[in-house]
Amino acid sequence: MRKRLRQRPYAVSKTAAASPVILGLLYFMSLCRQKTGRERKMKKRGWKLKTAVLLAAAAIVITGCSAGKSQEATGTEGKEERTEQSAAGGTESTTEGTGAGKDSVIVVMGPSSEPEAGFDPAYGWGAGEHVHEPLIQSTLTVTTADLKIDYDLATDMSVSDDGLTWTVKIRDGVSFTDGEKLTAKDVAFTYNTLKSTSSVNDFTMLDSAEAVDDMTVVFHMKRAYSIWPYTMAIVGIVPEHAYGADYGEHPIGSGRYIMKQWDRGQQVIFEANPDYYGEAPKMKKVTVLFMEEDAAFAAVQSGQVDLAYTAASYSDQTISGYDLLSFETVDNRGFNLPAIAAGGSDANGNPIGNDFTADVRVRRAINIAINRDEMIENVLSGYGSPAYSVCDKMPWYNNAAETKYDAEGAKALLEEAGWTEGNDGIREKDGKKAGFTLMYPAGDSVRQALAADTANQLKEIGIDVKTEGVGWDTAYDRAQAEPLMWGWGAHTPMELYNIYHTMKDTGLAEYSPYTNESVDRYMDEALASSSLEESYELWKKAQWDGETGITEQGDIPWIWLVNIDHLYWARSDLAVAQQKLHPHGHGWGIVNNAEPRSSSF
């Protein structure tokens with residue numbers, strides 16, 4: 001969610017031990033970064049002809065990925081048949097990868113996927129904006145394909161009846177990549193360190209972690225927290241003996257990979273951990289390049305990479321030797337509707353509340369007036385799914401949130417609320433026009449398009465929506481009084497809590513003014529539950545219990561629009577294994593599940 005990491009200009013490292021083509025690609029990336037916004041909006045074909053010339057100079061040789069074709073990728077390939085264009089159109093690959101070895105892969109991610117603070121779990125690696133398995137470090141637990149909990153370093157886990165003590169047994173015989181044995185002391189050190197220093201993880205529920213012997217760690221909680229296993233799934237264990245201020249740049253872990261080289265703003269290179277305790281990775285080397293969308297697409301066109309993220313705007317293209325893969329996500333987009341009347345202000349004097357959206361009938365009308373399927377076609381070229389909550393398809397999702405598009409029903413609700421259609425088609429009440437400003441993060445073209453589509457659809461029922469691009473420096477404060485297009489989606493029920501639960505100091509939810517004592521109570525009971533499975537039902541009741549909640553039948557303080565499919569160009573001889581629902585962030589999750597055909601990554 002939330003703020004995009006500040007992007008840094010690309011510069012080729014003087015000390016980087018990179019191949020000539022990597023250096024060429026990085027030089028090309030720097031040229032792309034110098035393009036103005038207007039230049040980036042040029043027609044694709046003309047732009048691609050220029051990029052083909054630049055990339056031809058860079059296309060010398062590269063480590064690729066090739067193997068026999070015996071296993072199908074589980075991602076969905078392009079939803080419509082794509083017609084391959086000629087070389088003049090610029091979409092046919094002009095340089096084939098050399099396939100120097102089927103045990104290495106080159107992956108392209110966006111600049112925001114690069115961890116600004118390094119590969120330190122205390123500062124966001126594995127958590128924060130883009131949640132994923134930390135790759136370099138091991139975790140106590142992992143999430144399964146259906147987002148339940150399984151073990152990694154842990155071998156057994158129990159919780160006391162009052163929920164205040166978690167006891168976890170860990171594997172014996174696990175070592176860090178410097179040869180030192182991993183023990184419960186390292187686990188306790190990691191959690192105690194993150195509790196006191198983490199800028200991303202929430203450890204307010206943890207009192208302390210204690211190593212009672214080499215293979216047993218006990219977590220003493222300040223309050224019951226039934227979903228603690230989901231926190232354990234994203235916290236990478238660091239070595240107490242080798243942790244310091246520069247750990248993020250020189251990480252040591254016990255995970256599947258070792259970080260061998262990091263050139264900020266350019267690339268990071270991983271090599272398989274030969275002493276990994278689990279199944280050995282088949283990919284012995286993984287190179288991750290950080291590129292903007294246009295540069296990533298050009299790198300695929302030239303055949304220089306094996307797997308690259310892309311956007312729906314490129315989905316109508318065809319590239320010889322590559323497949324377009326699509327993966328379902330809980331990477332959702334939606335906007336808040338302030339649920340209290342205007343007139344108040346926060347501690348800093350920022351206005352709170354919105355008179356128009358304070359009426360629940362207006363909020364319900366807006367929710368059913370959105371044709372989500374049409375929006376997915378218009379904005380995402382068909383690559384997405386309708387969103388009805390912040391946790392669609394998760395074990396704690398309540399499908400009572402699902403609604404059907406009903407423009408006539410929406411009009412009836414507005415009439416009931418006293419908003420009648422004016423001469424210009426916009427509804428009026430007491431001399432005021434029905435409408436609001438819908439903000440979106442400036443520079444985010446997808447959220448801008450979703451905001452524009454929302455405005456067009458709501459105009460059909462007589463609501464005037466003006467869209468405005470804003471910076472994150474003001475967006476949070478303004479969202480207390482005006483709707484903002486957000487992005488969320490994580491593999492934990494705490495996403496619900498963070499959005500809907502009231503804060504003690506204000507009595508309102510954090511990101512948009514809303515309060516419901518029953519919703520709060522269900523979530524509090526879910527956290528206090530002694531059983532993770534039982535907690536799922538309480539999270540569902542927080543959404544709708546038959547009488548109240550946050551769905552269409554209830555308060556509906558947020559409107560959820562779409563879950564954005566994550567799209568990737570994948571070399572045809574590269575299989576991408578079964579994927580979990582991807583969380584918010586188009587990046588590291590895919591690295592855990594790429595493989596050459598008939599192998600596993």
Looking at W396, is its backbone amide N or carbonyl O close enough to the side chain of Q543 to form a donor-acceptor pair, meaning the two atoms are under 3.5 Å apart? yes
Test side-chain contact (heavy atoms from CB on, under 4.5 Å) applied to I352 and I340, step by step: CA-CA 8 Å; I352 295 177; I340 65 172; 3.6 Å; yes
May I ask you to test the L561-I376 pair for a side-chain heavy-atom distance under 4.5 Å? no
Test: D172 and K181 ion pair at under 4.0 Å: yes
Can you tell whether the side chains of E279 and R256 come within less than 4.0 Å, N to carboxylate O? no
Decide yes or no for N563 and E328: does some side-chain heavy atom of the first lie under 4.5 Å from some side-chain heavy atom of the second? no
Rounding to 0.5 Å, atoms CD (E533) and OG (S226) come to a distance of 11.0 Å
Worked verdict on Y511 versus W488 for ring-ring contact (aromatic ring centres under 6.0 Å, His included): CA-CA 12 Å; Y511 297 101; W488 296 83; 5.0 Å; yes
Check against side chain to side chain donor-acceptor pair (under 3.5 Å), D565 and S385: CA-CA 7 Å; D565 286 355; S385 60; 5.1 Å; no
To the nearest 0.5 Å, how far apart are OH in Y151 and OG1 in T144? 13.0 Å
Given M215, which of T155, V168, D156, I170 fulfils the side-chain contact (heavy atoms from CB on, under 4.5 Å) condition? I170
Taken to the nearest 0.5 Å, the spacing of D186 CG from L182 CG works out to 5.0 Å
Can you check whether L581's main-chain N or O pairs, donor with acceptor, with H491's side chain at less than 3.5 Å? yes
Taking the six-membered ring for Trp, are F219 and W228 closer than 6.0 Å centroid to centroid? yes
Tell me if the aromatic rings of W539 and Y397 count as close, with their centers under 6.0 Å from one another. no
Straight-line distance of I252 CD1 to H241 NE2, nearest 0.5 Å: 5.5 Å
Judged by atom type as modelled, is there a donor-acceptor pair below 3.5 Å linking the side chain of D120 to the main-chain atoms of G118? no
Distance-minimising heavy-atom pair for H584 and R447: CE1-NH2, 4.0 Å
Heavy atoms, side chains only, cut-off 4.5 Å: are I590 and F327 in contact? yes
Has Y230 got a side-chain atom pairing as donor or acceptor with L147's backbone, closer than 3.5 angstrom? yes
Checking L527 against S535 for the side-chain contact (heavy atoms from CB on, under 4.5 Å) test, could you report, in this order, the C-alpha distance in whole Å, the side-chain angles of both residues, the deciding distance, and whether it holds? CA-CA 7 Å; L527 289 178; S535 76; over 6 Å; no
Hydrogens and angles aside, do T551 and Q553 bring a side-chain donor and acceptor to less than 3.5 Å of each other? yes
In terms of side-chain heavy atoms, does W544 have a donor or acceptor partner in E552 at a distance below 3.5 Å? no
Scanning both residues in full, the closest heavy-atom pair of M485 with L438 reads CE-CD2, 3.9 Å
Specify the closest pair of heavy atoms between G353 and P513, including all atoms of both residues, with the distance to one decimal. N-CG, 4.1 Å
Strictly by modelled atom types, are Y388 and E402 linked by a side-chain donor-acceptor pair under 3.5 Å? no
Where do I237 and L153 land on the side-chain contact (heavy atoms from CB on, under 4.5 Å) test, with the steps shown first? CA-CA 9 Å; I237 304 305; L153 279 178; 3.8 Å; yes
State the CE-CG distance between M221 and L164, to the nearest 0.5 angstrom. 8.5 Å
Side-chain donor or acceptor of T216 paired with backbone N/O of V212 under 3.5 Å: no
Please examine the side chains of R333 and I564, heavy atoms only from C-beta on, and report whether any two atoms are closer than 4.5 Å. yes
Taking the ring of W486 and the ring of Y476, is the distance between their centroids below 6.0 Å? yes
Quick one about T502 and T515 (side-chain donor to acceptor, distance below 3.5 Å, no hydrogens or angles considered), yes or no? no
Measure from the side-chain N and O atoms of S113 to the backbone N and O of M109, and report whether any donor-acceptor pair falls under 3.5 Å. no
Kindly determine whether M439 and E482 satisfy side-chain contact (heavy atoms from CB on, under 4.5 Å), including the steps that lead there. CA-CA 8 Å; M439 302 178 290; E482 301 171 272; 4.0 Å; yes
Heavy-atom check, side chain of Y191 versus side chain of L194, under 4.5 Å: no
Check: N348 side chain, N350 main-chain N or O, donor-acceptor pair, under 3.5 Å: no
Atom CG of D213 with >12 non-hydrogen neighbours under 6.0 angstrom: yes
Does a side-chain N-to-carboxylate-O contact under 4.0 Å join R264 and E249? yes
Does any non-hydrogen side-chain atom of T231 lie less than 4.5 Å from one of I227? no
Are the side chain of N336 and the backbone N or O of L484 linked by a donor-acceptor pair below 3.5 Å? yes
Any chance the side chains of T143 and K148 put a donor and an acceptor closer than 3.5 Å? no
Between V360 and R363, is any pair of side-chain heavy atoms under 4.5 Å apart? yes
Any non-hydrogen side-chain atom of L325 less than 4.5 Å from a side-chain atom of L567? no
Closest approach of A479 to S512 (non-hydrogen atoms, all atoms of both residues): O-OG, 4.2 Å
Check whether any side-chain N or O of Q480 sits under 3.5 Å from a backbone N or O of E510 as a donor-acceptor pair, and report yes or no. yes
Establish, from distance only, whether the side-chain atoms of D152 and S138 form a donor-acceptor pair under 3.5 Å. no
Tell me the closest heavy-atom pair linking G236 and P121, and the distance in Å. O-CG, 3.5 Å
Any donor-acceptor N or O pair under 3.5 Å, side chains Y536, N398: no
is_close_aromatic(F119, W125), centroid dist under 6.0 Å: yes
Restricting to non-hydrogen atoms, name the atom on W262 and the atom on G248 that form the minimum distance, rounded to 0.1 Å. CZ3-O, 4.0 Å
Do H566 and D331 have side-chain N/O donor and acceptor atoms under 3.5 Å apart? yes
Strictly distance-based, threshold 3.5 Å: is any side-chain N or O of T357 a donor or acceptor partner for the main-chain N or O of L337? no
Quick check for you: to the nearest 0.5 Å, what is the distance between Y500 atom OH and D555 atom CG? 10.0 Å
Should we count NZ of K185 as having more than 12 external heavy atoms under 6.0 Å? no
